[in-house]
Amino acid sequence: MADRDLIFVGPTGYQSNLLGVSARYSVLPPLTRGMLAPALRDHPSGRVIIVDGGFYHEFAVDHREICAALRDGRDVIGLGSMGALRAVELRTHGMRGYGAVVELIERHGLHDDEVMLLHAAEPPYRPVTVPLVEVRAALGQLLLAGLVDGDEVAGVIAEIGDLWFGDRSLPRILQAQQRRAPDRPHVAAALRGKLQGPALLKRIDLECLLTGAPPPVVRMLPCGAVIPNPSQPPGPA
């Protein structure tokens with residue numbers, strides 16, 4: 001019987017019901033430096049899936065650690081947060097990227113801090129701040145619904161993008177929106193719902209991987225919003 005796939009995941013899996021029900025995966029905490037080699041020894045086969053990783057209070061996983069796994073023939077897939085960043089950085093070494101966030105980093109050159117957030121240190125790793133990439137996607141949904149226009153979107157993204165990622169809290173994001181639409185409180189309420197709901201871009205990438213569904217296909221508009229792009233074929237699983 002093949003070994004389970006290893007999956008390093010933290011806040012991206014928050015409130016996802018899929019991680020605890022699949023016998024295919026051995027779920028491990030967010031990956032930090034020095035964790036990978038012992039995990040590979042304990043699980044000598046199966047894919048290695050990196051979603052989340054530590055970097056702020058701990059050292060981030062080193063490129064050389066992942067390259068060693070690739071040289072040993074392991075299939076290493078990255079998505080979501082730290083996994084997406086490392087997948088883009090190490091694609092020429094054989095690490096595979098998956099999902100919409102990887103596509104956005106590759107096509108639009110998103111900075112590292114766009115996928116970063118603060119979160120609780122212990123499971124279930126409750127998010128404390130909101131990644132900027134999720135703000136882009138939530139505003140994209142409001143734009144398609146006709147609740148905001150491109151200038152509002154661009155203003156909110158510019159304001160939140162100027163903040164340190166650890167200051168990108170939900171209240172700060174909602175305040176930025178309310179300043180641009182003080183007479184439309186329903187817009188901030190809709191934005192709150194999107195940012196607290198199940199349709200978060202990184203979580204969708206993760207759940208598509210877990211279920212074998214095609215990952216979402218998205219594009220970025222000039223205003224900075226991220227919206228679905230059905231005309232583009234899905235990326236490889």
Side-chain angles (χ1 to χ4, degrees), residues 3-14 19 24-119 121 123 125 127 129 131-134 136 161 164-166 168 201-206 208-210 215 218 220 226 235-237:
D3 202 355
R4 293 180 177 184
D5 292 339
L6 289 177
I7 183 165
F8 296 90
V9 63
T12 299
Y14 181 71
L19 286 168
R24 179 176 176 179
Y25 300 98
S26 292
V27 180
L28 297 175
L31 182 61
T32 56
R33 192 169 303 179
M35 285 177 59
L36 186 55
L40 296 181
R41 286 195 295 270
D42 291 341
H43 300 81
S45 64
R47 299 181 300 173
V48 179
I49 301 166
I50 303 172
V51 184
D52 294 309
F55 59 89
Y56 185 58
H57 295 294
E58 301 174 276
F59 288 114
V61 59
D62 192 83
H63 297 75
R64 292 170 293 184
E65 298 175 80
I66 298 173
C67 287
L70 292 166
R71 286 194 300 272
D72 287 342
R74 300 300 288 265
D75 184 14
V76 185
I77 302 168
L79 65 148
S81 196
M82 179 64 73
L85 296 172
R86 289 292 185 262
V88 173
E89 294 161 351
L90 296 174
R91 59 185 178 274
T92 60
H93 295 267
M95 185 173 178
R96 293 197 291 138
Y98 177 93
V101 175
V102 169
E103 286 287 320
L104 289 169
I105 295 171
E106 288 184 328
R107 291 178 181 270
H108 299 283
L110 297 189
H111 295 297
D112 292 4
D113 77 327
E114 291 243 5
V115 301
M116 293 178 179
L117 74 159
L118 298 181
H119 59 84
Y125 306 106
T129 59
L132 184 56
V133 70
E134 301 290 7
R136 292 182 184 276
W164 173 58
F165 77 89
R168 292 171 184 158
L201 198 58
K202 295 202 293 182
R203 188 189 303 169
I204 292 172
D205 277 350
L206 172 61
C208 286
L209 181 86
L210 294 175
V218 298
M220 188 182 295
V226 169

Considering residues at least two apart in sequence or located in another chain, which fulfil the salt bridge (Lys or Arg N to Asp or Glu O under 4.0 Å) criterion with Glu114? Arg136
For His111, is the NE2 atom crowded, meaning more than 12 foreign heavy atoms sit under 6.0 Å from it? no
What are the two closest heavy atoms between Gly99 and Pro215, and how far apart are they? CA-CB, 3.8 Å
Quick check for you: to the nearest 0.5 Å, what is the distance between Ile50 atom CD1 and Phe8 atom CZ? 6.5 Å
From Ile77 atom CD1 to Ile49 atom CD1, the distance as rounded to the nearest 0.5 Å: 5.0 Å
Spatial distance of atom CG (Leu40) from atom CG (Asp72) [nearest 0.5 Å]: 7.5 Å
Indicate yes or no for a side-chain donor-acceptor contact from Asp205 to the backbone of Val101 under 3.5 Å, with no hydrogens or angles considered. yes
Run the numbers on Tyr25 and Leu210 for side chain to side chain contact (heavy atoms under 4.5 Å, CB included), then give the verdict. CA-CA 9 Å; Tyr25 300 98; Leu210 294 175; 3.5 Å; yes
Sub-4.5 Å side-chain heavy-atom contact between Val115 and Leu110: no
Heavy-atom donor-acceptor pair, Arg47 side chain to Leu6 backbone, under 3.5 Å: no
Are any of the side-chain heavy atoms of Pro30 and Met82 separated by less than 4.5 Å? no
Arg24/Asp5 ion pair, N-O < 4.0 Å: yes
Nearest-0.5 Å distance, CZ of residue Arg96 to CG of residue Leu90: 14.5 Å
To check you understand the geometry: which heavy-atom pair defines the closest contact between Val9 and Gly13, and what is its length? CG2-N, 3.8 Å
Checking Tyr98 side chain against Leu209 main chain: does a donor-acceptor pair fall under 3.5 Å? yes
Among Val48, Val88, Asp75, Ile66, side chain to side chain contact (heavy atoms under 4.5 Å, CB included) partner for Met95: Ile66
Under the ring-ring contact (aromatic ring centres under 6.0 Å, His included) test, which residues partner Phe55, sequence neighbours left out? Phe165
If we only count heavy atoms from C-beta on, is the His119 to Tyr125 side-chain gap below 4.5 Å? yes
What one should report as the nearest heavy-atom pair of Val226 and Met220 is CG2-CE, 4.2 Å
Test log, rule side chain to side chain contact (heavy atoms under 4.5 Å, CB included), inputs Ile7 and Leu206: CA-CA 10 Å; Ile7 183 165; Leu206 172 61; 3.7 Å; yes
If every non-hydrogen atom of Val102 is compared with every non-hydrogen atom of Leu79, which pair is closest and at what distance? CG2-CA, 4.3 Å
Taking Arg86 for its side chain and Val61 for its backbone only, find out whether a donor-acceptor pair lies under 3.5 Å. yes
Test: salt bridge (charged side-chain N to carboxylate O under 4.0 Å, His left out). Region: residues 48-62. Which pairs qualify, not counting sequence neighbours? Asp62-Arg64
Spacing of CD belonging to Glu106 relative to NE2 belonging to His108, to within rounding of 0.5 Å: 11.0 Å
Which heavy-atom pair separates Pro38 from Gly34 by the least distance, and what is that distance? CD-O, 3.3 Å
Kindly compute the distance separating OG (Ser81) from CG (Asp112), expressed to the nearest 0.5 Å. 9.5 Å
Looking only at atom types and distance, does a side-chain atom of Glu103 sit under 3.5 Å from a main-chain N or O of Val218, one as donor and one as acceptor? no
Worked check of side chain to side chain contact (heavy atoms under 4.5 Å, CB included) between Arg168 and Leu132: CA-CA 8 Å; Arg168 292 171 184 158; Leu132 184 56; 3.8 Å; yes
Pairwise side-chain contact, Met116 with Thr129, heavy-atom cut-off 4.5 Å (strictly under): no
Over all atoms of both residues, closest heavy-atom pair of Lys202 and Gly80: CD-O, 3.0 Å
Taking the side chain from Glu65 and the backbone from Arg33, do they hold a donor-acceptor pair closer than 3.5 Å? no
